[in-house]
Amino acid sequence: MTIRVLLADDQALLRGTFRMLFDSADDMETVGEAANGREAVELSGALHPDVVLMDIRMPEMDGLAATRLISESEDLAGVKVLILTTFEDDEHVAEALRAGASGFLGKGVLPEVLLDAVRTVAAGEALLSPVATRALISRFLAQPELCPTVVQERLEYLTPRERDVMCLVALGLSNDEIAERLFVSPLTAKTHVNRAMTKLAARDRAQLVVMAYQCGLVSPAAEASRSRR
């Protein structure tokens with residue numbers, strides 16, 4: 001299946017470079033270009049891309065506001081946003097995830113890393129990279145009082161195993177790593193993740209991570225401990 005990508009960046013030269021990169025991949029195609037956040041939202045509605053590659057600093061409407069509008073639209077439920085920016089500070093990372101982004105990368109990444117990131121996000125996985133940044137993300141997200149009441153209520157429907165899996169997802173573990181940790185098959189681990197997402201009405205793994213931190217299921221100390229290993 002071909003991954004349809006929408007480019008949102010105010011620099012035409014960068015958009016052209018990204019277009020050549022994605023169109024050269026056998027499993028991707030660029031379906032449109034937006035020079036600002038407002039155009040990104042409008043084109044997302046018109047084209048329904050699989051992934052929007054979104055810059056943060058753009059005229060008229062920034063990438064974070066555009067991401068929030070896309071993620072909150074029921075008509076765009078299948079559209080994933082991957083933030084690609086030069087602003088890799090912890091506050092922008094946290095705000096991007098809260099806005100509904102499925103991933104966050106710096107513009108200094110290698111072309112093959114960017115291609116893999118688009119594939120990861122298109123598949124519904126969270127891309128919380130680099131690993132060292134997650135400890136900073138947790139400082140912003142680990143505030144139980146921010147947990148929406150509806151999410152807190154839905155947490156009660158999770159089984160103990162689904163809660164465990166949700167916490168492991170929040171710590172950045174892949175399905176294979178979760179399977180190894182819990183002594184189950186990768187397919188079983190994936191099933192638990194999908195069930196947790198369904199019960200919590202999470203768009204993807206990234207939103208599952210946000211919920212885990214916001215509701216206090218995962219602490220900054222736990223993430224910091226994992227990052228040191």
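By the side chain to side chain donor-acceptor pair (under 3.5 Å) test, Arg19 is found to be paired with Glu33, residues two or more places apart in sequence or in another chain being considered. Looking at residues two or more places apart in sequence or on another chain, you find no side chain to side chain donor-acceptor pair (under 3.5 Å) involving Asp10. Scored by the side chain to side chain donor-acceptor pair (under 3.5 Å) test, Glu39 finds no partners at all (sequence neighbours excluded). Applying the side-chain contact (heavy atoms from CB on, under 4.5 Å) test to Asp164 and every residue at least two apart in sequence or in another chain returns Arg161. For Arg4, the salt bridge (Lys or Arg N to Asp or Glu O under 4.0 Å) test picks out no residue, with sequence neighbours left out. Residues satisfying the salt bridge (Lys or Arg N to Asp or Glu O under 4.0 Å) criterion with Glu162, sequence neighbours excluded, are Lys199. With sequence neighbours excluded, the residues satisfying side chain to side chain donor-acceptor pair (under 3.5 Å) with Asp23 are Thr30. In this view, Glu180 satisfies the salt bridge (Lys or Arg N to Asp or Glu O under 4.0 Å) rule with no residue, not counting sequence neighbours. Partners of Asp27 by salt bridge (Lys or Arg N to Asp or Glu O under 4.0 Å), not counting sequence neighbours, listed by chain and number: Arg119. Under the side-chain contact (heavy atoms from CB on, under 4.5 Å) criterion, Ala8 pairs with Ala34, Ala40, Val52, Met54, Met58, sequence neighbours left out.
Hydrophobic clustering keeps Leu171 apart from Phe183 (ILVMFWY residues linked when any side-chain heavy atoms are closer than 4.5 Å, directly or through intermediates). Residues Val5 and Val113 share a hydrophobic cluster, clusters being chains of Ile/Leu/Val/Met/Phe/Trp/Tyr side chains in contact below 4.5 Å. One hydrophobic cluster holds both Leu217 and Val150 under the rule that ILVMFWY side chains link at heavy-atom gaps under 4.5 Å. Under a hydrophobic-cluster definition in which Ile, Leu, Val, Met, Phe, Trp and Tyr are linked whenever side-chain heavy atoms come within less than 4.5 Å, directly or via other members, Leu13 and Leu114 are assigned to different clusters. Note on Leu82: it does not cluster hydrophobically with Met20, by side-chain heavy-atom contacts below 4.5 Å among ILVMFWY residues.
Inter-residue side-chain proximity for Leu64 and Arg98 is flagged as unmet; no heavy-atom pair is nearer than 4.5 Å. In this structure, Leu7 and Leu14 have side chains that are not in contact, with every pair of non-hydrogen atoms separated by 4.5 Å or more. Under the 4.5 Å side-chain criterion, counting only non-hydrogen atoms from C-beta, Val81 is not in contact with Ser71. Using a 4.5 Å heavy-atom threshold, the side chains of Leu158 and Leu200 count as touching. Residues Ile3 and Phe22 fail the side-chain proximity criterion, which asks for heavy atoms closer than 4.5 Å. Side-chain contact between Pro49 and Val79 is present, with at least one heavy-atom pair separated by less than 4.5 Å. Looking at heavy atoms from C-beta onward, Lys107 lies in side-chain contact with Asp55 at the 4.5 angstrom threshold. Looking at Asp50 and Lys80, their side chains never come closer than 4.5 Å, going by heavy atoms from C-beta outward.
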Query raised in the report: Between Val109 and Leu84, is a side-chain contact (heavy atoms from CB on, under 4.5 Å) present by the stated rule, with each step listed?
Result: CA-CA 9 Å; Val109 297; Leu84 185 69; 4.3 Å; yes
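Here OG1 of Thr85 is found 7.5 Å from CZ of Arg57. Values are rounded to the nearest 0.5 Å. Atom CZ of Arg163 and atom SG of Cys215 lie 9.0 Å apart (nearest 0.5 Å). Here Glu42 contributes atom CD and Ile70 contributes atom CD1; the two are 11.0 Å apart, rounded to the nearest 0.5 Å. Between the OG atom of Ser102 and the CZ atom of Arg205 there is a distance of 11.5 Å, given to the nearest 0.5 Å. Considering CD1 of Ile83 and OG1 of Thr67, their distance stands at 3.5 Å, rounded to 0.5 Å. The distance from the CG atom of Asn175 to the CG atom of Leu168 is 10.5 Å, given to the nearest 0.5 Å.
Closest heavy-atom contact between Asp62 and Ile56: CB-O, 3.1 Å. Nearest heavy atoms, Val121 versus Val51: CG1-CG2, 4.3 Å. The two residues Leu105 and Ala117 come nearest to each other via the heavy atoms CD1-CB, 3.4 Å. Nearest heavy atoms, Ala25 versus Leu115: CB-CD2, 4.3 Å.
Side chain of Arg15 to main chain of Asp9: a donor-acceptor pair is present (N/O by atom type, distance under 3.5 Å, no hydrogens or angles). Here the side chain of Ser24 pairs a donor or acceptor atom with the backbone of Leu21 at under 3.5 angstrom.
Listed by first and then second residue, the salt bridge (charged side-chain N to carboxylate O under 4.0 Å, His left out) pairs that reach into residues 206-215 come to none, sequence neighbours excluded.
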Can you give the donor-acceptor pairs under 3.5 Å from side chains of residues 186-197 to other protein atoms, not counting sequence neighbours?
unit_1, atom_1, unit_2, atom_2, d
Thr188, OG1, Ser185, OG, 2.9
Thr191, OG1, Leu187, O, 2.9
Asn194, ND2, Lys190, O, 3.4

